[in-house]
Amino acid sequence: MDDFEAHRRHLHAVAYRMLGSRTEADDAVQEAWVRTARADTGEVRNTRAWLTTVVTRVCLDMLRSRTARREVSLAGPFPLDGSDPEQEAVLADSVGLALLVVMDTLTPAERMALVLHDIFAVPYREIAPIVGRSTDATKMLASRARHRVRAAELPDTDPARQRAAVDAFLVAARKGDFAALLNLLHPDVTVSADGFAAPSPGPTHVRGARAVARQALLFSHRAEHAHTGLVNGAPGILVTPRGRLVTVMTFTISTDRITAIEVIADPQRLGRLSVVGNVFVTSP
């Protein structure tokens, strides 16, 4: 498996761009490792390309399974896909903020075609078998996805506007104000979390303003321990019972509306975040 380890960072980058979650990317790479260990690779000539295909198929399965996932409760620990700030900056630069935000609105096949071709320069003829389409149809998938990305609204980078939206979200959650939450949330808002967020293991996904608002109401009893702070330099929500940081929520905001929420409760990932807000983090 030395060849796999030599390409692990590349495979993780592919999975992250496909899934938009570092936690899910970790799971995808691990599953790709399992599949590779079971496969006969004696006839493989281009290891990097072959492994890219394996991890892409894993990601495609995961994206398709998202539609069957249950909603996740914000009442418990609600973790985020944690990250190394420096690596995150590199990923954001290469993927593009608009792509990260709009990616979740694309179909799995559109995501595959766009990411593999536009970011990793994989030829359409090689992508086609992965998504189960002809080469021409795969080109159309990428073109359609590209058009939607270009039309996407860029996230708001004004700290004051970000802070205002985060503060308003926390106030609405504390009050249990469903209508106020709906006004703050984009209709296609998403929430991503990993196995720390729910009783059963595995990543989870919630989409849509009403679904996210309902889950946010369950967060109200924990909101007494929550306050706004800075997470990797951007406004976020910190949950700190007795001063100990147990959960972080980060937000993507566009035109004063929240388009995505991510959280982290995994102690190891919390320890890698740059958090400002009068808290201490328990060593993992």
Side-chain angles (χ1 to χ4, degrees), residues 19-21 24 63 66-81 97-107 111 148-149 151-194 196-199 203-231 234-240 246-265 277:
L19 300 169
S21 163
E24 289 184 286
L63 288 169
R66 280 182 176 177
T67 58
R69 288 181 187 160
R70 60 179 172 74
E71 291 182 2
V72 121
S73 173
L74 287 171
F78 197 38
L80 163 76
D81 145 53
L97 288 174
L99 177 57
L100 288 174
V101 172
V102 78
M103 186 67 77
D104 232 21
T105 69
L106 305 179
T107 68
R111 292 172 78 141
R148 293 172 69 178
V149 168
E153 296 176 336
L154 285 172
D156 196 336
T157 57
D158 184 309
R161 292 163 66 92
Q162 289 179 329
R163 181 63 180 260
V166 172
D167 284 343
F169 178 88
L170 182 56
V171 169
R174 280 175 172 160
K175 292 182 177 179
D177 191 335
F178 188 78
L181 287 167
L182 285 181
N183 287 334
L184 287 167
L185 298 171
H186 187 278
D188 294 322
V189 62
T190 61
V191 174
S192 298
D194 63 19
F196 285 85
T204 52
H205 205 70
V206 178
R207 175 192 293 278
R210 299 188 71 84
V212 172
R214 284 196 300 270
Q215 299 302 322
L217 293 180
L218 299 177
F219 174 71
S220 59
H221 79 281
R222 290 171 58 84
E224 64 178 299
H225 301 298
H227 59 92
T228 52
L230 293 178
V231 182
I237 290 177
L238 315 177
V239 181
T240 58
V246 297
T247 305
V248 162
M249 303 176 67
T250 66
F251 297 79
T252 301
I253 299 160
S254 180
T255 60
D256 299 321
R257 303 188 84 177
I258 297 167
T259 59
I261 302 173
E262 293 183 298
V263 296
I264 182 170

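Pairing each heavy atom of Ser254 with each of Thr259, the nearest pair is CB-CG2, 3.9 Å. Between Leu181 and Ala173, the closest heavy-atom pair is CD2-N, 4.2 Å. Taking all atoms of both residues into account, the shortest heavy-atom contact from Ala211 to Val206 is CB-CG1, 3.8 Å.
Going from atom NZ of Lys175 over to atom CG of Leu217 covers 13.5 Å, rounded to the nearest 0.5 Å. Taking CD1 of Ile261 as the reference point, atom OG1 of Thr250 lies at 9.0 Å (rounded to 0.5 Å). Taking CG of Asp167 as the start and CD of Gln162 as the end, the distance is 11.5 Å to the nearest 0.5 Å. The structure places CZ of Phe251 at 9.5 Å from CG of Leu184, a figure rounded to the nearest 0.5 Å. Atom CG of Asn183 sits about 10.5 Å away from atom CZ of Phe178, to the nearest 0.5 Å.
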Item to check | Leu63 and Leu19: CA distance, side-chain angles, deciding distance, side-chain contact (heavy atoms from CB on, under 4.5 Å) verdict | outcome: CA-CA 7 Å; Leu63 288 169; Leu19 300 169; 3.8 Å; yes
Item to check | Derivation and outcome, side-chain contact (heavy atoms from CB on, under 4.5 Å), residues Leu238 and Val231 | outcome: CA-CA 9 Å; Leu238 315 177; Val231 182; 3.7 Å; yes
Checklist entry - Step by step, would you call Thr228 with Arg163 a side-chain contact (heavy atoms from CB on, under 4.5 Å)? => result CA-CA 8 Å; Thr228 52; Arg163 181 63 180 260; 2.7 Å; yes
Checklist entry - Going through the checks in order, is the side-chain contact (heavy atoms from CB on, under 4.5 Å) test met by Ile237 and His227? => result CA-CA 6 Å; Ile237 290 177; His227 59 92; over 6 Å; no
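Scanning for side chain to side chain contact (heavy atoms under 4.5 Å, CB included) contacts around Ala180 gives Ala172, Asp177, with sequence neighbours left out. For the side chain to side chain contact (heavy atoms under 4.5 Å, CB included) test, residues two or more places apart in sequence or in another chain that qualify with Ala165 are Ile253.
The closest side-chain heavy-atom distance from Ile258 to His186 is not below 4.5 Å. Residues Val191 and Glu262 have side chains not in contact (no heavy-atom distance under 4.5 Å, counting atoms from C-beta outward).
The main-chain N or O of Arg207 is never found under 3.5 Å from a side-chain atom of Thr190 such that the two would form a donor-acceptor pair. Listed for the Arg257 side chain is no donor-acceptor partner under 3.5 Å among the backbone atoms of Val189.
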